[in-house]
Amino acid sequence: MKVKVISRSTEDFTRDRSKDLQKVFRNYDPNLHTQEKAVEYTRALNAAKLEKIFAKPFIGAMDGHIDAVSCMAKNPNHLKAIFSGSMDGDIRLWDLATRKTVCQFPGHQGAVKGLTSSTNGELLVSCGTDCTVRLWKVPSLNFDSTVDTSKPSAIYTWKHAFRGVDHQWNSSIFATAGAQVDIWDHNRSEPINTFQWGNDSVISIRFNPGEPNLLATSSSDRGVVLYDLRTSSPFKKIIMQTKTNSICWNPMEPINFTAANEDCNCYTFDARKLDEAKVVHKDHVSAVMDVDYSPTGREFVTGSYDRTVRIFNYNGDHSREIYHTKRMQRVFCVRYSCDASYVISGSDDTNLRLWKSKAAEQLGVLLPRERKKHEYHDALKARFKHLPEIRRIVKHRHLPKPVYKAAILRRTVTEAENRKEQRRQAHSAPGSSSRKPFRKRKIIKEES
Amino acid sequence: MADSTEKNSKKQKRTKAKTVESTFLSKTSKPEKKGRMKMKGKRKGRDNDQRKRRGGGPRLPNVLRQELGLDVKRNSSSESDSEGGEDVRDFYELDEEVAQEESGKNRRFDEVENYQYELPDDFEDEEVPSDEGEDDSDKSEVEDEREKEDGERHLRMLQDITGIPKEAFDGEKKKREEVLLSQADVRSEIVTIHDLLVPLQGMPGYSSLRKRVLQQEKQPMTLQAPLPKSERDKVQRKVSDKFARKEITKWEGVVKRNREAPTLFFEQDQNLGYSTVGAIASGFEPRTEFEKQMAQLRQDPELVEAYKNDGAKMLELNKVSVKDVIDRQNRLAKMRSLLFRHEMKAKRIKKIKSKTYHKIKKKERQKAASAELEMNPEAAKQQAIKQEQKRAEERLTLKHKNSSKWAKRILKRGLDVQDDATRAAIAEQLQKHEELKRKMNSMNNNESSTDEESSDDDDEEEDESKRALKALNKAKEKTAKVLEEGDEAPKKGLFALPFMERGLKKRQEEAYEEARQALEDYDATLNQLQDEGEEGEEETQQNSSAVKVTGKRTFGPAKKPVAQEYNKRKRLDDFGKDSDSEEEDGEFDEPVPQIIEDKNDKTEGVQLGTALLDEEQVMAQHAIFRNLDDMEKAVGPKTSYEVAIFAGDSFRKVRSDSGHSNKATTSSVIHTSKPSHETKETDQSYETDSDTEMVEGFLTTNLTTDQKPDYELPSQAELVRRVFAGDDVAAEFERDKLETLNEENPEPEKPALVPGWGQWTHVQKKKGLPDWMVREHEEKKRKRGEALKKRKDAKFDHVIISETINRKAEKLMATSLPFPFTSKEAYEGNMRMPIGPDFNPASALSALNRPEIIKKPGLIIQPIEYEEVDPDETNDQPKRIIQGAKPKQSSKEKSKKGKSSNKLVPKTLGQKVKST
């Protein structure tokens, strides 16, 4: 018979330095841990509560504009730089770290309606209601040498006022939206291509960053149109019940894009099948003004006319987070930072606001133990999230009163509608009336 | 027909228009052209004219024309002629083009149609139909005439101006006209496909080609009107949609994979380059002056040589032979192991607690010391000095003369009060003191005393028998004493009761008897011992040299009768009384110590077990064992003896009736075998019983069937009734159900007044319970009834459905199956496994707690790039999206270069778009 002898080597128990952690030896035999589930549940509960305690998403506001912020653009090559344009024609470059204006780009006579930056971050394109497209050279981004103002490197005047602009990924092409869609090159004073489908003006425009030749626009005839630059023609159009204010492609899934609609919802579409929305993201209580995807493609941020900013999961029908402050007015534009950890919103109150994308996230350098602890807590929350107690705590949000009331009102209205529809169906001959699912209901027709 | 005429007229108009225009455009050319036309009419006449017209229209088949031969030749000649007026023709062509261009669109489409379908051929063909040739010619004649007139007028004018005769001009005109004619031939005779076919004649496949051409010509070719723009756009969009759909669909695999991945990593490409010091050193290049100098020195051949030599010297250890090293190591190892063993041994010995062992050890040591003293004068001297020191110490301190604290305390208390051991210890101390003092007196005595001591020792060793004697004597005395004292009985209390007294007396008598016997025994043994002792002494006197050996030898066999005797006595004892026989029997296998112990018991604990005696006893034991063995061999069957030895009590019985016990056992065997046989038979009968029931007829011959008793299988119901005869399950269940009902919907408590409440007055008391209480009670009762009716098991008498809700457990229950799980089992299994660091080893922890997305704060995440994904691949490893560091331009470019060529396709397309 072999006798097991308890042997402990001193090396295992001595620390090299006094600040080292004591090594703890554990017996992982499940028979010794009979209460593990209860223990983990309690930990999850505590983690959920801690998350609530530490949820402080607002980092700071950036004021400087003297009119409402109408559009924003992030610099794809520089993390802490963001451009903003306002209704009075002012364009500013902000340093997010210091939350200060680095540079101004004066020149526009009317409201700046569109801003975008080239992929390498060296060129800024702006357009506005004064029928001009202006190209600006972005000052070098080590902010030691601050340039107060900058002059446009080119001004292209065109026939109509502009409503939006977006830059193609990794090329010198950008597209403007106005009375029609124009494709421009950096070096040409006139558009190299022009598309028009229908006579209504185009409100917003966005290039697909993953598949750079695809382009999506929304127009004031409540339509959403897709274009392909390779065949240089539009290829799909749908008419929805209400107009779409903004569009954003998923950077990690070039198939999908999300449209921010006037009817308080966001609709995620598969670009190949526009007859039904893949997901309808509901929660806002007023028109959604802007939408921007996180670079991870797993969530997106929306800004709404109801004075709130919400963050949705890419496949979640309800928001996971809502941000609001007392002083934040109608949100006109939102952007997700390039490292997916911040959200910037620009609103009617002339301010840009910087938020954390995860409200309770600990900023700064994390020690490995801290990181592990956070990971464990997150895993626990995810594991027990469906249990009533934890779900309640995790989902609870404090809403501003008008939003809260409006949400209740909306709920009652939709419930009443549903009830009515149910009754109608119940009292009609079977099969005579069929109700379309919600994902299809808001899409009136698909043109080709 | 009408159609064709229309077309013809159109064409004619067009040609007219052309001419008009041409006149309009170039005044200089106008008369010439007119002249040309005139000349044509003049020289070649109608035939030629017709042929010319037919040039593009329906005409003779090529074969016929070839047969004419002339035609072709003429054509070629005219072509060769026309070379002179090349530039002129160009000029006309330009004119012509302008004239043709009636609308830009038409021109465009005409061109295209022209190219493909040879439409101009057709047009020209129809230009000059044979039927309406006259009309045309008429018109042309009129025109010609007019032109002629014009020409003549012109000539006249020229003549007038220049004064040169008309002929000169005429000639010039002629020449010119010739040139123009040939030109016109070429121009009007646009090269048709037939002309192109001519040189192919005779080649293989020519006829089929010609046939096809002819067929094509027969079909009327109509030009389609262009689609409206909206329609065209629609078509374009459709095509574009197809293309875009295909392009988008290629992403499906990547997207699916990323969606299904448990974790997405957005990490930076961390290429540290050098991984080892060696790698860094190998890439080192001296740059500064100092470094260069150092490198030069290092690579200096002289230095290198010197280093090599020196290095060899430094390693002198290399010259030591391997064998030596090994030897040394072995030696060291041996020493170490020896040391270790010694240490272990010492430890073990130190641990032994047995007093006997230590005594023996001490003795041995002393003996060794004494032997050394004898052998070694040096050692003796040392010993003497030691002794002297001790004595001196004693003299100084009087250590052993009751001067110690302990001794004083004992003396103070009084020696009588102390127990024997203490008294002995005190006595011993005093004796030691005496010894030490005495030795002080004379050095000579010292030696003698040591002798005495040694002799004492010897005595002890040799005369255990004497010791035993002494002990026996002592025991005898004690027993006698007991016998004498025995009569004193208590006269009071419990023991004074008559029956107690009687019992005591009886006991005493027994004890008395016993004691007497013991005395007798002692006497006997004493006598024997004394005898032996005398014998032993004699023997020792006889051969003193081998005292020990002989003594022992003689003692062994001498013990034997004692043992036997003892046994005998034992037997007697057992017959006498059975009180503590078991204990004795249990130790029967070692009889000699038993004797003494027995004695000890009976003499009430006089200790006399010295180590030596023990040793002797052991020896004696051996002897007795031997004897026993002999006895075993000598008498009876072995088994009986074994039983006798180890089973004690029964042994005697067995032996006593061993004679018939065998018989008894055999008989018992028979006895037992008989019933077993019977049972067997009955068993068989049962079996056969059942068998016969099953297969009748086959086993009827069986003898046992005769014995089959009358037995009928009870019915199922009967069986059940019998089985559950005792318990009333239904009633029990009913009770249980009632209990659970009462538990879950408890009966309302009967209303009762709290004492003191509502009892102020006599009136109140009389009224009894207040109304509201009664009402409440009734309400409660009613509610309970309703609740009972609503229960799920209300209608089932034999079912209890518990409706208790564990509120505490409720919050730990999921209301519905959470999303990724498809079955309850999977969910529960997953939940059962803990994920925390307390329950999982660190290696498994990171995988269990890994978040869905791992990113680094401050790292710019690039949009996805296309890559081929195998749909069947199983992704065990979590997907990592690694991208180049953004701020470093160079590294980014590198990574771009390395990426797949798929990326290149859209890039180039993008450039295309840019260029359009």
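Just so it is clear: chains get the letters A, B, ... in the order the sequence lines come, proteins before strands, and each one is counted from 1.
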Salt-bridge criterion met for R850(B) and E375(A) (N-O under 4.0 Å): no
D838(B)/R43(A) ion pair, N-O < 4.0 Å: yes
Residues in side-chain hydrogen bond (donor to acceptor under 3.5 Å, both in side chains) contact with H318(A), at least two apart in sequence or another chain: D283(A)
Which distance, rounded to the nearest 0.5 Å, do you find between the CD of Q862(B) and the OG1 of T119(A)? 9.0 Å
For N830(B), is there any backbone N or O sitting under 3.5 Å from a side-chain donor or acceptor partner on R383(A)? yes
Taking side chain as C-beta onward, heavy atoms only, is E36(A) less than 4.5 Å from R832(B)? no
In short, R237(B) meets S233(A) closest at the heavy-atom pair CA-OG, 4.2 Å
Return each pair, listed once, that meets side-chain hydrogen bond (donor to acceptor under 3.5 Å, both in side chains) where at least one residue sits in residues 811-827 of chain B; pairs must be two or more places apart or across chains. H386(A)-Y827(B)
Side chain, backbone, both or neither: which part of V365(A) has a non-hydrogen atom closer than 4.5 Å to chain B? neither
Between R230(A) and E247(B), is the closest basic N to carboxylate O distance under 4.0 Å? yes
Presence of salt bridge, K37(A) and E828(B), under 4.0 angstrom: no
Heavy-atom nearest pair, P837(B) first then Y28(A), reads O-CE2, 4.0 Å
Less than 4.5 Å apart, any side-chain heavy atom of K246(B) and any of R272(A)? no
Heavy-atom cut-off 4.5 Å, strictly under: side chain, backbone, both or neither for E447(A) against chain B? neither
Answer yes or no: is there a donor N or O on one side and an acceptor on the other, between the side chain of E40(A) and the main chain of I835(B), under 3.5 Å? yes
Ignoring hydrogens and geometry beyond distance, is a side-chain donor-acceptor pair present between W251(B) and E253(A) at under 3.5 Å? no
